[in-house]
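Each chain gets a letter, A, B and so on, in the order its sequence line appears, and its residues count up from 1. Computed from heavy atoms alone, side chains included, the values below leave out hydrogens, waters and symmetry copies.
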Amino acid sequence: MGQSIEEINKEKLVEIKKKEHFKKLLEEKNNEKYNLIDFLHEVQNIYGHLSRDIQITIAEEMGLPLSQIHSVVSFYSLFTTTPKGKYTIEVCMGTACYVRGSKDILDKLSKELDIEPGQTTEDKKFTLEGTRCIGACGMAPVVVINGDVYGRIDVDDLPEILAKYE
Amino acid sequence: MGTTEILVCGGTSCNSSGGPKIYKNLLMYIEEYDLRKKTRVIQPGCFGFCEQGPIVVIYPNGSKEGVFYCQLKEEDAQRIVKEHLVDGKVIEDFLYVDPKTGEKIAKHEDMDFYKYQQRIALRNCGTIDPLSIEDYRYRGGYKALNKVLKEMSSEDVINEVKRSKLRGRGGGGFPTGVKWEITSKVDGESKYVICNADEGDPGAFMDRSILEGDPHSVIEGMVIGAYAIGAQKGYIYARAEYPLAIDRTEAALEDARREGVLGKNILGSGFNFDLEIRIGAGAFVCGEETALITSVEGYRGDPQPKPPYPAQGGLYGKPTLINNVETLANIPIIINEGGKWYSKIGTKDSTGTKVFALAGDINNTGLIEVPMGTTLRDVVFNLGGGIPKGKEFKAAQTGGPSGGCLTEEDLDITLEYDSLLDADSMMGSGGLIILDEDSCMVDVSRFYLDFTQDEACGKCAPGRIGTKRMLEILNKITEGKGDVADLGVLKELAENIKKTALCGLCKSAPNPVLSTIERFEDEYLAHVKEKKCPTGVCEGLSKWIIEPDECRACGVCEPVCPVDAISGQRGEVYKIDPEICIDCGVCAKKCPFDAIHKA
């Protein structure tokens, strides 16, 4: 709704680029020894997720059973099968952050964005996640938004931080 | 005349609190004041004192006495350049203030946080540019490798490491030299060396800091290990959560190959060894060595029964040596200074130093390295600066999800492998989470079990089902639905899981629960008998109250309560009757003054 033709074309172009990139990657890997986990990281970098369709394509092109690919994708928490929002908010749930109140922060964000951890807002803007220790314990509690680390934050800081992401 | 070195901490902590902007601004003003030829600005790895970040240390004209500026802001760069570099003045405003005396301290050697440290594994962290192999060389790097390849046989190397009595820093504490010897004696055309950099223990970040601040020390340690056991190929298995560590290690590997200390015919000795990085994808169990091996092979990280041990049948079924980052970082020094020298540091059975990550409710959070045998009291109150806001020390959690809690009575315990085991805890990778009086120990044990339960791979029944049942009981207790019999069931389950789980992860998963039941039984009893959380942390056990000081008696809450639990008069303070309250929280949402909360 409300999308101009330019915007639709732009989106299509992005999709075509992703597809080309993916195809090139599959060809490359078919010609060399590869590591499945590294490979899946690379594909996820293109699409942002590893949907069932993507997994099927990999299985067919690489001659692997789908079960093997799915076993790896479902085992590791950094692989996701659903598309993520434009911004991923990760609230560190490591021990140091936890004892300094990261649960309150996760709860507040969950309330504010009206989604549970692991979900994405309807407008596809934010994905909320409780993440494993990122090792910045000196800055606890820590929130990471698309790679930007915010340390020593308080629940009251959240609206100001979120406002930066439009 | 030398150049002035300006070190801007480039660790993850300082990077997230504005370090890179200070670095950029410093470069800009140095250019503006035309000082480029007289200064060198570098971004070394973590200084360790994360609490005080971002940190800048300035060493004037080759002097070893640096001035330590902390808690800087990006705009402070101009004053540093103008006042310190141009006018030659020490800027009092940016100095560290000793919280005990209130005095300003310029040299980090004089601060309690650094004074008691002995930095061996962290020797180069915060002093060299991690991206410069020349810096590493200047500080004696790759000297040990040269000595090993030119003067020592593989037995000599193993004996030197055995003499040091170095024990694995990843958790178990197995003697490193013995591990090397066993792996070297297994016949095999191809062998592997793996560096375990999958630092999954929440609250530990020493391996990340070493890779970020001194990647060459780990690479050198690995090449020496490979020579000792006869391996030609190795892997560094790093967590995907550590992008900066991965980038710097990647860069260091390239430099090492270019300089001939890695790859074919290393330093002209005819010895070949090359390394690759493998990146994990988020699975705590992959820190367990057999699971790590399956993950390096590209599969899901399922642990395997032992034997065979990795030394016999590891990666691709070949003999494999797995060492942790911190262990490997100690190797070059042991070769250079001798195993005997190293064995004299620390205690008889735990030699050398150990890096601890101090976090939680403590004034000086950060990374410290102290000789083994330092007391917990020294670490918490001298290096750590005690508990913030004048609160009481309650417990120190060591060993992460596999460890246990130490209490005030244990403060004089010496931090070494065996004494920690005797206290029902463990060294683990060196995470030290300090908890103050406001922490609920039942909640802490629930937190750890929630973690291991979520991370359990599901392969064995005790790990998959047993930890789940334990977590359900703990959830019940923290929600106020537990009874005394639950504690007995919890203990029984815990003992059974310890005996029957497949790998170390779930074998040790019940430890935090057992240790807290043992040491804080009163708190568990308060939860199950009185249905009270003494610290008010467990929300299920706390009640909604209207704070009398904050209540403006507007009367908004009274009509919204669905069970008429709120009474009062406009103009007076309102009250909630806890006997009637059904815990719906509607009143708190409606209160315009945020005067209603749980307590």
Side-chain angles (χ1 to χ4, degrees), chain A residues 33-42 44-45 50 64 67-80 90 92-104 107 111 129-145 147-153 155-156, chain B residues 11-17 46 48-51 53 199-205 207-209 239-243 245 276 278-284 286 295-302 357-361 365-367 397 400-401 431 433-436 439 444 447-448 451 454-455 457:
Chain A
K33 242 177 96 179
Y34 68 94
N35 179 288
L36 185 57
I37 296 176
D38 288 349
F39 179 38
L40 291 173
H41 272 303
E42 286 179 60
Q44 184 160 292
N45 281 343
L50 297 164
L64 290 172
S67 62
Q68 189 186 334
I69 291 162
H70 185 68
S71 79
V72 172
V73 172
S74 60
F75 184 82
Y76 295 99
S77 61
L78 295 180
F79 292 132
T80 169
E90 298 170 288
C92 180
M93 296 303 277
T95 323
C97 288
Y98 185 80
V99 300
R100 283 200 183 177
S102 64
K103 194 171 171 292
D104 294 340
D107 288 348
K111 207 173 134 191
E129 273 171 7
T131 182
R132 291 287 174 241
C133 183
I134 63 156
C137 311
M139 305 284 298
V142 175
V143 169
V144 186
I145 305 180
D148 298 337
V149 183
Y150 297 90
R152 284 192 204 118
I153 58 165
V155 278
D156 298 332
Chain B
T12 294
S13 245
C14 286
N15 267 357
S16 64
S17 55
C46 185
F49 207 171
C50 307
E51 186 70 38
E199 186 176 46
D201 173 359
F205 51 98
D207 293 349
R208 193 207 66 197
S209 289
R239 294 180 80 201
E241 286 91 336
Y242 290 175
E276 255 180 68
R278 281 274 180 271
I279 300 165
F284 177 65
C286 290
S295 185
V296 171
E297 290 172 359
Y299 300 103
R300 48 183 284 151
D302 280 329
L358 275 180
D361 301 316
T365 53
L367 217 53
Q397 209 281 346
I433 308 282
I434 309 301
L435 303 165
D436 71 11
S439 307
V444 167
F447 166 81
Y448 278 112
F451 176 86
D454 192 43
E455 290 290 349
C457 71

Residues which pass side-chain contact (heavy atoms from CB on, under 4.5 Å) with A:C92, listed by chain and number, not counting sequence neighbours:
A:C97, A:T131, A:I134, A:V142
Can you see which heavy atom on A:V99 is nearest to which on B:D361, and at what distance?
O-OD1, 4.2 Å
Ignoring hydrogens and geometry, is there a side-chain-to-backbone donor-acceptor pair from B:T12 to A:A136 under 3.5 Å?
no
Quick check: closest heavy atoms across B:G298 and A:V72, and the distance to 0.1 Å?
O-CG2, 3.7 Å
Report which part of B:E297 has an atom under 4.5 Å of a heavy atom belonging to chain A: side chain, backbone, both, or neither.
backbone
For B:A283 versus A:F75, what's the shortest heavy-atom pair and its separation?
CB-CE2, 3.8 Å
Winner by heavy-atom pair count (cut-off under 4.5 Å) against chain A, out of B:G366, B:G203, B:A357, B:P243:
B:G203
A side-chain contact here means heavy atoms from C-beta on lying under 4.5 Å apart; do A:V149 and B:N15 qualify?
no
By a 4.5 Å heavy-atom criterion (distance strictly below it), what part of B:Y448 contacts chain A: side chain, backbone, both, or neither?
side chain
Name the region of B:I279, side chain, backbone, both or neither, that has any atom closer than 4.5 Å to a heavy atom of chain A.
both
Do A:V144 and B:E241 have side chains that approach each other closer than 4.5 Å (heavy atoms only, starting at C-beta)?
no
So, the part of A:Q68 with a heavy atom under 4.5 Å from chain B: the answer is side chain
Are A:L78 and B:R239 close enough that some pair of their side-chain heavy atoms sits under 4.5 Å apart?
no
Can you measure from CZ (A:R152) to OG (B:S16) and round to the nearest 0.5 angstrom?
8.5 Å
Chain A heavy atoms under 4.5 Å from B:S295: which part of the residue, side chain, backbone, both or neither?
both
Measuring heavy-atom distances to chain A, does B:C286 have an atom under 4.5 Å in its side chain, in its backbone, in both, or in neither?
side chain
Backbone N or O of B:R278 within a donor-acceptor pair of the A:D38 side chain at under 3.5 Å?
no
Does a side chain donor of either A:S71 or B:Y299 reach within less than 3.5 Å of an acceptor in the other side chain?
no
Exercise: identify the closest heavy-atom pair between B:F451 and A:R132:
CE1-CD, 3.2 Å
Closest heavy-atom contact between B:A281 and A:F79?
CB-CE1, 3.6 Å
Applying ring-ring contact (aromatic ring centres under 6.0 Å, His included) to A:Y98 and not counting sequence neighbours gives B:F447
Under 4.5 Å to a heavy atom of chain A? For B:L367 that would be neither
Looking at B:Q397, B:R300, B:E455, which makes the most heavy-atom pairs under 4.5 Å with chain A?
B:R300
Which distance, rounded to the nearest 0.5 Å, do you find between the SG of B:C14 and the CE of A:M139?
8.0 Å
All heavy atoms of B:P202 vs all of A:C133, minimum pair found to be CA-CB, 3.6 Å
